[in-house]
Amino acid sequence: MIIETNGLKKVYRTDVVETTAVDNINFHLSEGQFVSVMGPSGCGKSTLLHILGLIDTPTGGQYRFLGEDVSGYPERKRARLRKAHIGFVFQSFNLIDELTVYENVELPLVYGGLAAHDRRPRVEAVLEKMDIAHRRNHFPAQLSGGQQQRVAVARALVNKPNLILADEPTGNLDSEHGDEVMKMLLKLNEEGTTILMVTHSAQNASFSSRIVNLLDGKVVSDKLAVDR
């Protein structure tokens, strides 16, 4: 099991207001699954993704990642696990404009301290896998939105993570390029990559094997996707 939560909660407090963003969520994600999390704006999708991605911490309940209880881990320990096991794909691509395609994809390996001669074959292999190797020396501004997202996925994959977390991965793309990205994620899943995706799109969710719906911070349904 990659992810297991039990009674997971996240409460935001100010002097006058208390807001429960994630409310008693029990959730699991097994290796090789492709799961979509859906729900209206403000339902807790992004908060849940941030907790599961070890960017944020819960205020209650238990979160086990790869069998390890990480519920109360400080940032340094969470960062170590993130770098080693999780790849992120964001709506806004988050590529660095001043770096080439190759350099953007290489960056996680640089941060990880991998030697240059070990980085090159890893980067080249994932660029080929994402069919973006012919653009290796281009800069993000020279690419289409779909190509930029391919680079972002390549960057997420280069560390060979246990899990890809995708946050509205087609939100900045037109329907044609969005469909292309979803087919790419589906192919990665069919090859064994575990994916957890937050999306507003029922069309995108139909590419996954399981759909979890949230409302007011709670899971209201958890079903297999009918189209798969």
Side-chain angles (χ1 to χ4, degrees), residues 1-91 156 159 161-169 171 185 189 192-202 204-226 228:
M1 194 74 69
I2 292 181
I3 286 173
E4 292 178 273
T5 76
N6 183 27
L8 199 69
K9 292 193 75 166
K10 181 67 177 182
V11 179
Y12 295 100
R13 295 182 177 91
T14 68
D15 290 340
V16 294
V17 178
E18 180 176 291
T19 303
T20 301
V22 171
D23 191 2
N24 196 38
I25 285 183
N26 300 318
F27 174 78
H28 68 277
L29 179 70
S30 300
E31 185 175 354
Q33 288 189 318
F34 185 172
V35 176
S36 290
V37 177
M38 300 189 69
S41 296
C43 73
K45 300 188 304 295
S46 293
T47 301
L48 178 62
L49 196 74
H50 288 164
I51 294 172
L52 299 183
L54 301 172
I55 296 170
D56 201 354
T57 55
T59 49
Q62 184 184 58
Y63 175 27
R64 299 186 68 83
F65 180 72
L66 296 174
E68 190 173 345
D69 187 349
V70 299
S71 309
Y73 274 14
E75 168 57 20
R76 180 173 294 184
K77 293 184 77 171
R78 298 200 315 272
R80 173 178 55 81
L81 287 172
R82 280 199 309 271
K83 290 177 183 177
H85 300 291
I86 303 174
F88 292 90
V89 180
F90 299 99
Q91 174 178 334
N159 262 337
N162 297 82
L163 173 65
I164 294 288
L165 294 180
D167 190 358
E168 298 284 0
L185 292 175
N189 176 247
T193 302
T194 306
I195 301 172
L196 179 62
M197 176 178 70
V198 161
T199 182
H200 281 98
S201 167
N204 287 354
S206 70
F207 284 85
S208 60
S209 54
R210 180 175 147 218
I211 300 174
V212 177
N213 278 282
L214 298 186
L215 183 64
D216 297 332
K218 300 183 181 195
V219 173
V220 293
S221 68
D222 186 344
K223 299 177 180 178
L224 297 179
V226 294
R228 289 280 306 276

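Hydrogens, waters and symmetry mates play no part in the numbers below; they use all other heavy atoms, side chains included.
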Worksheet item: Side-chain donor-acceptor pair under 3.5 Å between Y73 and E68, yes or no?
Response: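 The criterion, which ignores hydrogens and geometry beyond distance, is satisfied for E68 and Y73.
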Contact summary for [X] and [Y], nearest pair of heavy atoms:
| X | Y | value |
| --- | --- | --- |
| P58 | L8 | CB-CD1, 3.6 Å |
| G39 | N213 | N-OD1, 4.5 Å |
| L215 | P40 | CD1-CG, 3.9 Å |

Fill in: Any residue meeting salt bridge (charged side-chain N to carboxylate O under 4.0 Å, His left out) with R13, in chain and number order, not counting sequence neighbours
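Once residues adjacent in sequence are excluded, the partners of R13 under the salt bridge (charged side-chain N to carboxylate O under 4.0 Å, His left out) criterion are E18.
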Fill in: Partners meeting salt bridge (charged side-chain N to carboxylate O under 4.0 Å, His left out) with K77 (sequence neighbours left out)
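So K77 forms no salt bridge (charged side-chain N to carboxylate O under 4.0 Å, His left out) with any residue.
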Can you find a heavy atom in the side chain of [X] that is under 4.5 Å from one in the side chain of [Y]?
| X | Y | result |
| --- | --- | --- |
| S41 | H200 | yes |
| L49 | L196 | yes |
| L214 | I25 | yes |
| E4 | Y63 | no |
| V212 | S36 | no |

Worksheet item: Going through the distances and angles, do N162 and H85 end up as a side chain to side chain contact (heavy atoms under 4.5 Å, CB included)?
Response: CA-CA 5 Å; N162 297 82; H85 300 291; 2.6 Å; yes
Worksheet item: What pairs with F88 under ring pair (Phe, Tyr, Trp, His ring centres under 6.0 Å), at least two apart in sequence or on another chain?
Response: F90
Discussion item. According to salt bridge (Lys or Arg N to Asp or Glu O under 4.0 Å), does anything in residues 39-62 pair up with another residue at least two apart or in another chain? List the pairs.
Written reply: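 For residues 39-62, and leaving out neighbouring residues, the salt bridge (Lys or Arg N to Asp or Glu O under 4.0 Å) pairs sorted by first residue read K10-D56.
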Item to complete: Would you mind listing every salt bridge (Lys or Arg N to Asp or Glu O under 4.0 Å) that reaches into residues 24-44, with sequence neighbours excluded?
Response: none
[X]: side chain to side chain contact (heavy atoms under 4.5 Å, CB included) partners, not counting sequence neighbours:
| X | value |
| --- | --- |
| H28 | M1, S30, R210 |
| T193 | L157, I164, L188, I195 |
| A79 | E75, R82 |
| V17 | T14, T19 |

If you measure from [atom1] on [X] to [atom2] on [Y], what distance do you get to the nearest 0.5 Å?
| X | Y | atom1 | atom2 | result |
| --- | --- | --- | --- | --- |
| S46 | I51 | OG | CD1 | 11.0 Å |
| I86 | R78 | CD1 | CZ | 10.5 Å |
| L163 | L81 | CG | CG | 12.0 Å |
| M197 | N189 | CE | CG | 10.5 Å |
| S201 | E168 | OG | CD | 8.0 Å |
| D23 | T47 | CG | OG1 | 12.0 Å |

Item to complete: Show your working on side chain to side chain contact (heavy atoms under 4.5 Å, CB included) between F27 and L48 and close with a plain yes or no.
Response: CA-CA 10 Å; F27 174 78; L48 178 62; 5.6 Å; no
Discussion item. Go through it in stages, so that I can follow the logic: the residues are T5 and Q62, the test is side chain to side chain contact (heavy atoms under 4.5 Å, CB included), and I'd like the CA-CA distance, side-chain angles, deciding distance and then a yes or no.
Written reply: CA-CA 6 Å; T5 76; Q62 184 184 58; over 6 Å; no
Pairing residues for [X] by the side chain to side chain donor-acceptor pair (under 3.5 Å) criterion, not counting sequence neighbours:
| X | value |
| --- | --- |
| T199 | none |
| D167 | none |
| T20 | none |

Worksheet item: Is the number of heavy atoms from other residues, nucleotides or ligands under 6.0 Å of D216 CG greater than 12?
Response: no
Worksheet item: Is it true that a side-chain atom of D69 and a backbone atom of S71 form a donor plus acceptor pair closer than 3.5 Å?
Response: yes
Worksheet item: Okay, side chain of T194, backbone of G32: is any donor-acceptor separation there less than 3.5 Å?
Response: yes
Worksheet entry | Pair I211-V35, side chain to side chain contact (heavy atoms under 4.5 Å, CB included): steps then yes or no | CA-CA 6 Å; I211 300 174; V35 176; over 6 Å; no
